[in-house]
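What follows is a short report on a single structure.
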Amino acid sequence: QVQLVESGGGLVQAGGSLRLSCATSGRTFRRYALAWFRKAPGKEREFAAGLSWGGGTTDYADSVKGRFTISRDDAKNTVYLQMNSLKPEDTAVYYCAAAPSSTAPNRSSLYTYWGQGTQVTVSS
């Protein structure tokens, strides 16, 4: 069993930065690939960034590539999403998710555990 709790969301102006954190519990944290998904109003939930269980492989949606960075600290059982150069279109609820696989797939159906989400709002 893995529990995920996100934090760090908020309101920021376009061009600003935020860092999201996802604290996890569970002894098998290190055996899961981790990812951040987001859901904007009126849109489907979409993959934003993913990280392999060893942390050596990352994957990003084209819309965030070069601006967002996903990382994990296994000692703290925490995964982060550093978001820079934020745009109004980044406004969404951001969800942390864990998949029992070595690499992070971009299909939400392959993720077993989900956090409750944290709101990110970017004003223009």
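Fair warning: this is a prediction, and the values are worked out from it, not measured in the lab.
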Out of curiosity, [X] [atom1] to [Y] [atom2], how far, rounded to the nearest 0.5 Å?
{"X": "Cys22", "Y": "Glu6", "atom1": "SG", "atom2": "CD", "result": "5.0 Å"}
{"X": "Leu34", "Y": "Ile70", "atom1": "CG", "atom2": "CD1", "result": "6.5 Å"}
{"X": "Leu4", "Y": "Thr24", "atom1": "CG", "atom2": "OG1", "result": "6.5 Å"}

Any [X] side-chain heavy atom under 4.5 Å of [Y] side chain:
{"X": "Phe47", "Y": "Pro105", "result": "no"}
{"X": "Trp36", "Y": "Val79", "result": "yes"}
{"X": "Tyr111", "Y": "Tyr32", "result": "no"}
{"X": "Asp59", "Y": "Thr57", "result": "no"}

Where do Val120 and Leu20 land on the side-chain contact (heavy atoms from CB on, under 4.5 Å) test, with the steps shown first?
-> CA-CA 9 Å; Val120 171; Leu20 306 182; 4.0 Å; yes
With sequence neighbours excluded, give me every disulfide bond (SG atoms under 2.5 Å apart) pair touching residues 35-77.
->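 Every pair satisfying disulfide bond (SG atoms under 2.5 Å apart) with a residue in residues 35-77: there are none.
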Selection residues 49-79 - residue pairs positive for ring-ring contact (aromatic ring centres under 6.0 Å, His included), sequence neighbours left out | none
Just list the side-chain donor-acceptor pairs under 3.5 Å for residues 80-101, sequence neighbours left out, or say none.
unit_1 : atom_1 : unit_2 : atom_2 : d
Gln82  : NE2    : Asn84  : OD1    : 2.9
Asn84  : OD1    : Ser17  : OG     : 2.9
Asp90  : OD1    : Arg38  : NH1    : 2.9
Asp90  : OD1    : Arg67  : NH2    : 3.0
Asp90  : OD2    : Arg67  : NH1    : 2.7
Asp90  : OD2    : Arg67  : NH2    : 3.4
Asp90  : OD2    : Lys87  : N      : 2.8
Thr91  : OG1    : Pro88  : O      : 2.9
Thr91  : OG1    : Val122 : N      : 2.9
Thr91  : OG1    : Val122 : O      : 3.4
Tyr94  : OH     : Arg38  : NH1    : 3.0
Tyr94  : OH     : Asp90  : O      : 2.7
Ser101 : OG     : Thr103 : O      : 2.7

List in chain and number order the residues that pass side-chain contact (heavy atoms from CB on, under 4.5 Å) with Glu44, two or more places apart in sequence or in another chain; answer none if no residue qualifies.
-> none
Using distance alone, with no hydrogens and no angle criterion, decide if Ser25 and Gln3 have a side-chain donor and acceptor under 3.5 Å apart.
-> yes
Please indicate whether Gln13 has more than 12 foreign heavy atoms, meaning atoms of other residues, nucleotides or ligands, lying under 6.0 Å from its CD.
-> no
Those residues at least two apart in sequence (or on a different chain) that pass salt bridge (Lys or Arg N to Asp or Glu O under 4.0 Å) with Lys43 are none
Give the intermediate values and the outcome of side-chain contact (heavy atoms from CB on, under 4.5 Å) for residues Ser102 and Ser52.
-> CA-CA 6 Å; Ser102 58; Ser52 63; 5.9 Å; no
Thr121 side chain to Leu11 backbone, donor-acceptor under 3.5 Å |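 Checking the backbone N and O of Leu11 against the side chain of Thr121, no donor-acceptor pair under 3.5 Å is found.
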Which residue pairs pass the salt bridge (charged side-chain N to carboxylate O under 4.0 Å, His left out) test when at least one of the two sits in residues 74-83, sequence neighbours left out?
-> Arg72-Asp74
